[in-house]
Protein chains: 2
Amino acid sequence: MDRELLKGSTPLLLLSLLCEGPMYGYQIIETVRQRTGGTYTLKEGALYPALHKLEATEFISSYWETQENGRERRYYAIQPAGEAFLTAKKKEWNQFVDMVQAFVGPRA
Amino acid sequence: MDRELLKGSTPLLLLSLLCEGPMYGYQIIETVRQRTGGTYTLKEGALYPALHKLEATEFISSYWETQENGRERRYYAIQPAGEAFLTAKKKEWNQFVDMVQAFVGPRA
DNA sequence: TTGACGGCCATCGTTTTGCGAGGCACATTG
DNA sequence: CAATGTGCCTCGCAAAACGATGGCCGTCAA
């Protein structure tokens, strides 16, 4: 998968995922990897900066949770503002796909 | 339209357009602007570097043509290698859309 | 005739984003 | 005990698009 295409779609993916419930970083990576059958492996160098940025703009929030074994995990949860933003992003995404489709032609 | 989404899709657009026949820079910009109803204005700073890069890899070729009024235009035309590349890119594009769709959910 | 406008080419520096590599810490398993 | 897996993160780099800018030349109205 060409990485260039991915640019800009990460926040969309993240917000969509978090819409299903809070998740922690490692879990996000694994979930994406599994759901795409391994074709897309979200990298940590892309994930954490994106997550932190989303948090800085208050689209998501985070909190630490201690597991039974004593280890900590940082969970990220979507905020109301994030849901609103997601809605707008989805619309943008659809427009974008339509636009490209208009030039490339319908799916083969 | 969020510019970040566009990243990586420019070569795909360009190649698709040139598949319809040779075009010159200004014409490409105008065509894109008109076909998208103005929502997407391809910028020169994005177009020319992309065009030159496509030419450097021999996916397209270029030639100058003199108009009746004496002015010159630089036309770009797709090459066989470019068509092959376009086919591959299209497939990648479809995979990409499917993937995002899988997370974002089907179109509203 | 001069000046604004539009056609037409292009580059430059900045910003944004993802990537690869690396680092640190602790738990479980062999 | 060592290796592997879980789990967090940062840093420097490369690629791409952006906005600004520049230049050249016709044309058409003032």
Side-chain angles (χ1 to χ4, degrees), chain A residues 1-15 22-34 36 39-57 60 62-76 89 92 96 99-100, chain B residues 1-15 22-34 36 39-57 59-60 62-76 89 92-93 96 99-100:
Chain A
M1 172 83 64
D2 183 2
R3 29 324 186 43
E4 291 309 324
L5 284 177
L6 275 335
K7 297 206 177 186
S9 60
T10 307
L12 183 63
L13 280 197
L14 258 20
L15 256 11
M23 295 180 84
Y24 56 96
Y26 190 85
Q27 183 187 13
I28 292 175
I29 292 177
E30 285 306 302
T31 303
V32 170
R33 207 172 52 74
Q34 285 177 22
T36 60
T39 43
Y40 180 31
T41 302
L42 188 58
K43 303 302 175 5
E44 288 166 347
L47 173 67
Y48 289 108
L51 240 21
H52 297 335
K53 191 167 185 182
L54 248 17
E55 190 176 8
T57 51
I60 65 176
S62 74
Y63 54 94
W64 290 93
E65 205 164 288
T66 309
Q67 308 174 60
E68 297 176 4
N69 61 21
R71 294 209 54 182
E72 303 247 38
R73 279 175 183 156
R74 164 113 94 153
Y75 279 86
Y76 295 89
K89 271 291 172 196
E92 234 180 41
F96 170 61
M99 187 201 77
V100 177
Chain B
M1 172 83 63
D2 182 2
R3 27 327 185 42
E4 291 310 324
L5 283 178
L6 276 333
K7 298 209 177 186
S9 60
T10 307
L12 183 62
L13 280 197
L14 258 21
L15 257 10
M23 297 180 82
Y24 56 95
Y26 190 84
Q27 184 185 14
I28 292 175
I29 292 178
E30 285 306 302
T31 304
V32 170
R33 208 173 51 74
Q34 284 177 23
T36 60
T39 43
Y40 180 30
T41 303
L42 190 57
K43 305 299 174 10
E44 276 130 325
L47 174 67
Y48 289 108
L51 240 22
H52 296 335
K53 191 167 184 181
L54 249 16
E55 190 175 9
T57 51
F59 288 152
I60 65 177
S62 74
Y63 54 95
W64 290 92
E65 205 165 289
T66 309
Q67 308 174 61
E68 298 175 3
N69 60 19
R71 297 211 53 186
E72 303 247 38
R73 277 175 183 158
R74 165 115 92 153
Y75 279 85
Y76 295 89
K89 272 291 173 197
E92 232 180 42
W93 164 255
F96 171 60
M99 186 201 76
V100 177

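By convention in this document, chain letters (A, B, ...) are assigned in the order of the sequence lines, proteins followed by strands, and residues within each chain are numbered from 1.
Ring orientation note: the planes of A:Phe96 and B:Trp93 are nearly perpendicular, at an angle over 60° on the 30°/60° scale. Taking the six-membered ring where tryptophan is involved, the planes of A:Tyr75 and A:Tyr63 are essentially parallel, since the angle between them stays under 30° and well short of 60°.
Here the closest non-hydrogen pair linking B:Gly70 and B:Thr66 is O-CG2, 3.6 Å. B:Glu55 and B:Ser62 get closest at one heavy-atom pair: OE2-OG, 2.7 Å. Across all non-hydrogen atoms, the minimal contact from A:Ala50 to A:Leu14 is CB-CD2, 3.8 Å. Between A:Arg74 and A:Tyr24, the closest heavy-atom pair is O-CB, 3.0 Å.
When the C1' atom of D:dC24 is taken as reference, atom CD of B:Glu72 falls 12 Å away, rounded to whole Å. Distance A:Leu12 CG to C:dT16 C1': 17 Å, rounded to the nearest Å. Look at CG on B:Leu47: it is 12 Å from C1' on D:dA17, rounded to the nearest Å. Distance, A:Arg33 CZ to D:dG7 P: 13 Å, rounded to whole Å. Protein atom CG of B:Leu42 is 14 Å distant from nucleotide atom C1' of C:dC9, rounded to whole Å. If you take NZ of B:Lys43 and P of C:dT14, they are 20 Å apart, rounded to a whole angstrom. Between B:Arg74 atom CZ and D:dC24 atom C1' there is a gap of 16 Å when expressed in whole angstrom units. Between B:Leu5 atom CG and D:dA15 atom P the separation is 21 Å, expressed in whole Å.
Comparing C:dA10, D:dC8, D:dC18 against the side chain of B:Tyr76 picks out C:dA10 as the nearest. Nearest to the side chain of B:Ala46, among D:dA17, C:dC8, C:dC9, sits D:dA17. Distances from the side chain of B:His52 to the nucleotides C:dA10, D:dA16, D:dC18 place C:dA10 closest. When each of D:dC9, C:dT11, C:dC8 is scored by its nearest atom to the side-chain atoms of B:Pro49, the top-ranked nucleotide is C:dT11. The nucleotide whose nearest atom lies closest to any side-chain atom of B:Glu4 is, among C:dA10, C:dT17, D:dG5, C:dT17.
For D:dA15, neither phosphate oxygen OP1 nor OP2 lies less than 4.0 angstrom from any side-chain nitrogen or oxygen of B:Lys53. Between B:Thr10 and the phosphate of D:dA17, there is a side-chain N or O to OP1/OP2 separation shorter than 4.0 Å. OP1 or OP2 of D:dC8 has not a single side-chain nitrogen or oxygen of A:Tyr24 nearer than 4.0 Å. An OP1 or OP2 oxygen of C:dC9 is reached within less than 4.0 angstrom by a side-chain nitrogen or oxygen of B:Tyr48. For D:dT6, the OP1/OP2 oxygens have no side-chain nitrogen or oxygen of A:Gln67 closer than 4.0 Å. At C:dC9, none of the side-chain N or O atoms of B:Arg71 fall inside 4.0 Å of OP1 or OP2 (strictly under the cut-off).
At the heavy-atom level, B:Gly25 lies under 4.0 Å from the strands shown only through sugar-phosphate atoms. Heavy atoms of B:Gly70 sit nowhere under 4.0 angstrom from any nucleic acid atom.
Along DNA chain D, the nucleotide closest to A:Tyr75 and the one closest to B:Gly45 are compared, and the more 5′ of them pairs with A:Tyr75. Comparing A:Thr41 and B:Leu51 along DNA chain C, the residue whose closest nucleotide (by nearest heavy atom) sits nearer the 5' end is B:Leu51.
A donor-acceptor contact under 3.5 angstrom links the side-chain atoms of B:Glu44 to the base of C:dC9. On a pure distance criterion of 3.5 Å, no polar donor-acceptor pair joins the side chain of A:Lys7 and the base of C:dT16.
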